[in-house]
Amino acid sequence: MRHTKILATIGPASFSEKVLTELISTGISGCRINFSHTSFEKAEELIWKIRKVSEKLAKPICIRQDLQGPKIRIGELAQEEVVLRRGQAFKLALGNIIGDQECAGVAQKEFMEALQPGATVVIGDNELKLEVIHKERESVDCKVIIGGALKPQKGVSAPGTFIDFKGLTKKDLSDLDFGIRQKVDCVSMSFVQSADDIYRLKEIIREQSSQVPVIAKIEQYNSLKNLDEIIKASDGISIARGDLAVERPLEELGLIQKEIIRRCNIAGKFVMAGSGILQNLRKNLWPTRAEVNDVTALIFEGIDAISFSDETAIGDYPVESVRTLATIIESVEKVILTHHTASDSFYRNIDANFTYVQGKESLVLCTDTLEPVVKLAKMHYTAPLLVGTKSSNEANYLSNYWGVYPIYCPPELMGQEMFDYVVNKAIALGIIDNKNPIINLNNYWG
Ligand SMILES: Nc1ncnc2c1ncn2[C@@H]1O[C@H](COP(=O)(O)OP(=O)(O)O)[C@@H](O)[C@H]1O
Ligand SMILES: C=C(OP(=O)(O)O)C(=O)O
């Protein structure tokens with residue numbers, strides 16, 4: 001049994017029901033649908049397929065709608081790719097123009113206005129680097145500092161340049177409306193800058209009579225500056241390393257992610273990390289030593305969930321990626337689960353004896369309110385936390401939390417009947433065995 005959860009971005013490599021089935025049976029707990037790349041038609045089909053497989057395998061799966069936010073991308077190119085050489089001139093121009101060897105379009109006015117001579121422009125995840133040499137009213141002339149292949153629709157950023165984004169875009173609002181109607185299990189907001197961005201999003205969600213949880217993606221300098229308020233305002237945090245590693249010097253990344261995890265765990269908030277987790281598995285069947293070390297550090301720091309991007313969206317080995325990560329997690333958790341004990345006094349107050357048992361028992365809590373489960377889950381106690389709930393969205397969402405195993409219960413069950421149902425189901429699904437003690441937390445929780 002693994003307590004650290006695995007999530008997967010769904011893309012062309014994992015669209016089929018066959019691969020989705022393999023991903024879910026191999027051990028993912030959640031799927032990310034990136035609305036930068038997914039049409040409503042495709043998303044609707046995917047949500048339907050994921051729900052179908054999840055039900056068939058009796059495994060709750062959290063569907064996360066990832067809102068694009070004000071992500072800046074270059075436009076289309078006349079060819080599938082053009083190769084930029086170091087030292088050559090390259091122009092970025094405002095508008096939806098078709099790019100080529102000498103020029104590419106960028107649609108966002110705020111970005112083009114913010115660029116000044118001397119600024120660095122990065123295209124993709126640190127793949128191509130340009131320096132702005134000269135600025136015109138609606139374009140900038142650049143020099144290529146690091147060359148390579150340029151592909152259409154790649155993300156562009158300007159580390160160190162302040163760009164005044166205005167929260168949710170028109171596209172985000174329309175995507176959100178779609179996601180709520182499709183009953184996604186959580187929504188993530190990209191390029192969050194302050195707690196106000198999250199409060200505004202939550203207000204819109206409330207206006208649509210929804211309570212879908214909101215995950216704030218930390219990927220910008222401003223989001224780091226306002227980290228504590230953002231953690232407080234949101235239901236959870238995603239360390240979105242793709243853009244974060246471009247926005248901040250790469251050598252700071254390890255320290256930044258460690259600090260974000262620490263602060264989320266103190267605040268009792270869900271925290272996940274993604275992008276470049278086992279990047280080597282995009283094309284090969286093995287991870288690099290550095291990737292294994294990276295994942296090990298994340299687990300030791302107390303991350304709730306680790307998310308795949310390219311590996312499961314466009315990689316050659318989506319299922320192998322999940323299998324490899326599961327093996328690393330199991331190996332690291334063998335150590336963590338043996339030495340870890342509950343530290344929270346609230347937990348010790350339930351029963352003083354709990355602190356002396358080392359994860360052999362299972363905890364059961366039957367509830368339809370998220371708050372107590374989340375509070376308990378974030379203590380990262382070694383015992384698996386089985387949560388009986390009659391809300392399928394809640395079961396799906398909770399499946400992303402460290403050590404939580406939600407069991408979706410029929411609506412007519414109450415009290416002892418619901419407890420028995422949860423325990424029997426967990427035994428049947430192989431989550432727990434019937435030899436170890438099972439503690440009914442509802443006996444302690446008024
Ligand atoms: N729904 C989709 N349709 C087509 N391609 C996708 C889809 N989702 C993801 N991808 C591809 O997988 C890559 C990795 O996915 P992701 O991490 O979500 O994207 P990004 O790096 O743009 O945030 C993307 O760059 C894109 O090429
Ligand atoms: C890793 C993520 O985001 P990004 O690809 O934007 O870094 C994510 O949302 O899981």
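Atoms within a ligand are numbered from 1 in the order they appear, just like the ligands themselves. One-based numbering along the sequence shown.
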Going by heavy-atom distance to atom 9 (O) of ligand 2, choose the closest among Arg64, Glu219, Lys71, Gln68. Arg64
Interatomic distance, OG@Ser194 vs CZ@Arg200, rounded to 0.5 Å, equals 6.5 Å
May I have the list of side-chain donor-acceptor pairs in residues 203-216 shorter than 3.5 Å, sequence neighbours left out?
| from | atom 1 | to | atom 2 | distance (Å) |
| --- | --- | --- | --- | --- |
| Ser210 | OG | Val212 | N | 3.1 |

Are Glu330 and Lys334 ion-paired here, with the side-chain N under 4.0 Å from a carboxylate O? no
Taking N or O atoms only and a 3.5 Å limit, does Gly242 qualify as a polar contact for ligand 2? yes
Quick one: look at Leu244 and ligand 2, take heavy-atom pairs under 4.0 Å, and tell me if it's side chain, backbone, both or neither. neither
Please list the nearest protein heavy atom to atom 6 (O) of ligand 2 with its residue and the distance rounded to 0.1 Å. Lys217 NZ, 3.0 Å
How far does CZ of Phe270 sit from CG of Asn400, to the nearest 0.5 angstrom? 4.5 Å
Under a 4.0 angstrom heavy-atom cut-off, which atoms of ligand 2 come close to Ser307? 10 (O)
Exactly which residues line ligand 1, taking a heavy atom under 4.0 Å from it as the test? Thr9, Ile10, Gly11, Pro12, Phe15, Arg32, Asn34, His37, Thr38, Arg73, Ser309, Asp310, Ala313, Ile314
Would Lys42 count as a cation-pi partner of Phe15, with NZ or CZ less than 6.0 Å from the six-membered ring centre and within 45° of the ring normal? yes
Is a donor from one side chain sitting under 3.5 angstrom from an acceptor on the other, for Thr369 and Thr367? yes
Proximal ligand 2 atoms for Asp66, defined as those under 4.0 Å from one of its heavy atoms: 9 (O)
Side chain, backbone, both or neither: which part of Met189 has a heavy atom under 4.0 Å from ligand 2? neither
Got the closest protein heavy atom to atom 5 (O) of ligand 2, with its distance? Arg32 NH2, 3.3 Å
Between Ala240 and ligand 2, find which residue part has any heavy-atom pair under 4.0 Å and reply side chain, backbone, both or neither. both
Using a cut-off of 6.0 Å, state whether more than 12 heavy atoms not belonging to Lys151 lie near its atom NZ. no
Are Lys5 and Tyr405 in a cation-pi setup, meaning NZ or CZ lies under 6.0 angstrom from the ring centre and within 45 degrees of the ring axis? yes
Please state whether Ser188 comes within less than 4.0 angstrom of ligand 2, counting heavy atoms only. no
Cationic N near anionic O, under 4.0 Å, Asp175 to Lys171: yes
Can you tell me the protein heavy atom closest to atom 1 (C) of ligand 2 and the distance? Gly274 C, 3.4 Å
State plainly whether the residues Glu371 and Lys375 are in salt-bridge range, i.e. N to O under 4.0 Å. no
Do Gln68 and Ser190 have a side chain donor and acceptor closer than 3.5 Å? no
